[in-house]
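Here's the structure, in structure tokens; my notes come after.
The structure displayed is predicted, hence computed values, not measured ones. Order of the sequence lines sets the chain letters (A, B, ...), proteins ahead of strands, with each chain counted from 1.
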2 protein chains.
Amino acid sequence: MNTQPPLPHPDADQISLPNVLTALGDTTRLAIIGELSRCGGLGMTCGQFTDLASKTSITYHVSKLREAGVVNVTPEGTRRRVTLRRDDLDHRFPGFLDSIIASTADLHIDRGRTE
Amino acid sequence: MNTQPPLPHPDADQISLPNVLTALGDTTRLAIIGELSRCGGLGMTCGQFTDLASKTSITYHVSKLREAGVVNVTPEGTRRRVTLRRDDLDHRFPGFLDSIIASTADLHIDRGRTE
DNA sequence: TCATTTGTTCAACGATCATTGAACTAAGGA
DNA sequence: TCCTTAGTTCAATGATCGTTGAACAAATGA
């Protein structure tokens, strides 16, 4: 069952642009956002990002994205479901996320290598 | 006269999204972009940013923005004229800069006045 | 029950960050 | 010429970054 304590997330109106930009200014985290944007509305689990970096590293990066207010993370059994905070970001910074995602489409990452 | 050597800038097609995001993920640099976006087409000199940080700090931040391809810096006598690379950024990441600038309008910075 | 799956925590590490103050260069104006 | 203005360079500092591996915890499934 789910007796897991929820993880801390900033409220929508506390999401700050510099924090979001810093969170996205990393190839691994940008790749996570890219995968999330293409996965359909259900989100992904942390384990599904292990093509991008090690388990420990993914934990680190997903935390950064969560703390910046870019993603929502909810425990589901032994897993964590990660979803984009699309509505919150669109409301706060209109057009921003879409422009990022569009420019992320052609970004390659295979374990640390960028273009 | 202007016998100053030009400073190195990345070509438009070498501007990378992670680098741009990293460059903008700092309150001082975001404030520089904000001032540049509101100054008219002529750009500004480094000295005009000293309400945001010390002279040395401004040199550092403007270099970061230049190296990331966000601004153009050209020597003019003893000064450096700093301009936004609007066209290059719009071409490379459509809609991105506009969304940033719009969200920058109400951003407050430490060292002094809003405008 | 016991093993597996999923993910976290921790300490360590080298690297980069943003800032400071002092010293410096280059151009212009008197 | 001397002085001022505008900005850079440098070394130092403390902070944060992103990664690793080992150990750990919690839920699941046999």
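In this structure, B/Glu76 places its CD atom 11 Å from P of C/dG28, rounding to the nearest Å. The CG atom of A/Leu24 sits 12 Å away from the P atom of D/dG18 (whole-angstrom rounding).
Looking at residues two or more places apart in sequence or on another chain, you find a side chain to side chain contact (heavy atoms under 4.5 Å, CB included) between B/Thr45 and B/Gln48, B/Arg79, B/Arg81. The side chain to side chain contact (heavy atoms under 4.5 Å, CB included) search around B/Thr22 returns none, not counting sequence neighbours. Residues satisfying the side chain to side chain contact (heavy atoms under 4.5 Å, CB included) criterion with B/Arg66, sequence neighbours excluded, are B/Leu7, B/Pro8, B/His9, B/Ser63, B/Val71, B/Val73. In terms of the side chain to side chain contact (heavy atoms under 4.5 Å, CB included) criterion, residue partners of A/Asp11 (sequence neighbours excluded) are, by chain and number, A/Asp13, A/Gln14. The side-chain hydrogen bond (donor to acceptor under 3.5 Å, both in side chains) test applied to B/Asp88 returns B/Arg85, not counting sequence neighbours.
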Problem set entry | Per-nucleotide protein contact string for nucleotides 5-18 of chain C, where B marks a base within reach and S marks sugar-phosphate only (heavy atoms under 4.0 Å, - for neither) | -BBBBB------SB

